[in-house]
Amino acid sequence: MYRKVYLKLKKKNAEGFAKECAVVTHYRLKTDIQNPGKLIVDPEAKLEEELVVRPTSEAIIWNTYKTWIQSYRDLPILINQWANVVRWEMRTRLFLRTAEFLWQEGHTAHASKEEAIQETKTMLDVYADFAENYMAMPVIKGVKSENERFAGAVDTYCIEALMQDGKALQAGTSHFLGQNFAKAFDVKFNNKDNQAEYVWATSWGVSTRLIGALVMAHSDDEGLVLPPKLAPFQAIIIPIYKGEASKNIIDEKAQSLLEELKSKGIRAKYDSDDNSRPGWKFAEYEMKGVPVRIALGLRDIENNVAEVARRDTKEKTSVQLDGLPVYIENLLNEIQHSIYQKALDYRNEHITEVNTWDEFVETLETKTGFVSAHWDGTPETEEKIKEMTKATIRCIPLNNRSEAGQCILSGKPSTERVLFAKAY
RNA sequence: CGGGAGGUAGUUCAGCUCGGUAGAAUACAUGGUUUGGGACCAUGGGGUCGCAGGUUCGAAUCCUGUCCUCCCGACCA
């Protein structure tokens, strides 16, 4: 939240921001005399200068950068921060769009356009790598259309994921800001030839929205399915016993197994709680998404085995105790790849190329997912399509191939396909 | 702010049409039997029925007002 005077932008960008700004007009509440226990806005407490609630911190950052940057020797600069953000939201949605959330954002300043663009793409790759290799969630890297672009950016790059219900989710963004903010805040540096130039900039961020993405990308009717690399517990050991005596035997075996797993770097836990029964624990850890369950009973110990169940496929296997830690280690890798592959297959099956308006509408309604179609490149057409179908352009994929075609709505010529989808 | 639904046990809800002083499941407590997929039996505790009026011998139920929550829409990813 900040003073309205900080929000100085080029006219074009200012218009983009204006409609997203909530305004704070009063600084306190008071109890209602007519209705004790209720609070009302205190009319005495009107602010002389209203404050603006803004979804990004560029204004603060660039007021600061202005004081830091004089020479090319001061560049580049990178500031990363984790911050709780407050936004005005008409309607919230758990994890995906909340009025307050935690995010990571970075702001950089550069001496050259090329370096700034490179930074934008590097960060997009960082986000894509995290989504795919840690969250096991395939994403499409692309550029936003003008309508979907961040108001202060020249180009907004994004990673787009597809949820299991066929709706798309923007999982992260990286913006090439050009010289927009440098000009708005008058941030110049002297180059090697002692000439003043405006600074080039980027900003990028991901938020707790990724948690929502993770949930919706992999979960099933039994609950969460967590990728092994991110699971707080990767393996849970559950004892199956009758009576105190057998529990003691199993406890001992389970403890040594636990130590073996930990020594291999596996995040494991032994649940010896006597208050809930095995069946309860099975269901509980499935719901929590623990990738691997190891059940250990007297019968198993006699045979020198354990029952290993994987969360993603629910498959159960009897495994020799001797090689168990190695088996689990491999299984965790297998699960990590397997859930990624499953999500990737689903995603690929749900990218549909269409060439006519009827196919377009039909695909959005029945098959859902991404629809790859020609578009004439105008915001007006995108807007009309959105009004008619609720679908928006999620992105123009990077390394998109050129292909002559006709816009599905206007029929005007187009040189490449873009990805449409209904999105969160 | 418009349109729709709803506030009853810790939770999810039934009961309301047709008034008779509140129930189920689950959770909780105690005891026992159990333990290889969310155990069973028995006993027990727990609710000013959102709030305020009104009608009535009697209101969770009917009437009026009021507060709150959720869902759908206002260019919002």
Distance in angstrom units between A:Arg293 CZ and B:G38 P, rounded: 12 Å
Rounded distance in Å - NZ (A:Lys288) to C1' (B:G38): 13 Å
Residue of the set A:Ile249, A:Ile250, A:Leu296, A:Asn248 for which side-chain contact (heavy atoms from CB on, under 4.5 Å) holds with A:Tyr241: A:Ile250
Cation-pi geometry met for A:Arg87 and A:Phe101 (6.0 Å, 45°): no
Spacing between A:Asn275 atom CG and B:A27 atom C1', to the nearest angstrom: 15 Å
Sugar-phosphate, base or nothing in reach of A:Glu387, heavy atoms under 4.0 Å: nothing
Touch class at under 4.0 angstrom, heavy-atom based, for A:Glu148 against every strand present: nothing
Protein-nucleotide distance (A:Glu222, atom CD; B:G37, atom C1'), rounded to Å: 11 Å
Under 4.0 angstrom between A:Arg299 side-chain N/O and B:G36 OP1 or OP2: no
A:Lys66 charged N/C atom sitting above A:Phe185 aromatic ring, 6.0 Å / 45°: no
Contact pattern, 5' to 3', of nucleotides 40-45 of chain B - B, S or - by protein heavy atom under 4.0 Å: ------
Pair A:Glu148-A:Ser145, side-chain donor/acceptor within less than 3.5 Å: no
No-hydrogen, no-angle side-chain donor-acceptor test under 3.5 Å, A:His175 and A:Thr156: yes
Distance in angstrom units between A:Glu307 CD and B:G36 C1', rounded: 7 Å
Same-atom distance (C1') from B:A39 to B:U34, integer angstrom: 7 Å
Modelled atom types, side-chain donor and acceptor of A:Asp376 and A:Thr378, under 3.5 Å: yes
Sugar-phosphate only, base, or nothing, as touched by A:Leu298 at under 4.0 Å among non-hydrogen atoms: base
Sugar-phosphate, base or nothing in reach of A:Asp300, heavy atoms under 4.0 Å: base
Sugar-phosphate only, base, or nothing, as touched by A:Lys316 at under 4.0 Å among non-hydrogen atoms: base
Distance below 4.0 Å between A:Lys281 side-chain N/O and B:A39 OP1 or OP2: no
Separation of B:A39 C1' from A:Ile240 CD1 (nearest whole Å): 15 Å
Nucleotide forming a Watson-Crick or wobble pair with B:U17, both distances under 3.5 Å: none
Aromatic ring pairing A:Phe360/A:Phe420, orientation class (parallel under 30°, perpendicular over 60°, tilted between): perpendicular
Distance, rounded to the nearest Å, where A:Arg277 contributes CZ and B:U34 contributes P: 12 Å
Short side-chain N/O contact to B:C76 OP1/OP2 from A:Arg93, under 4.0 Å: no
Closest to the A:Glu284 side chain, choosing from B:G38, B:U35, B:C75: B:G38
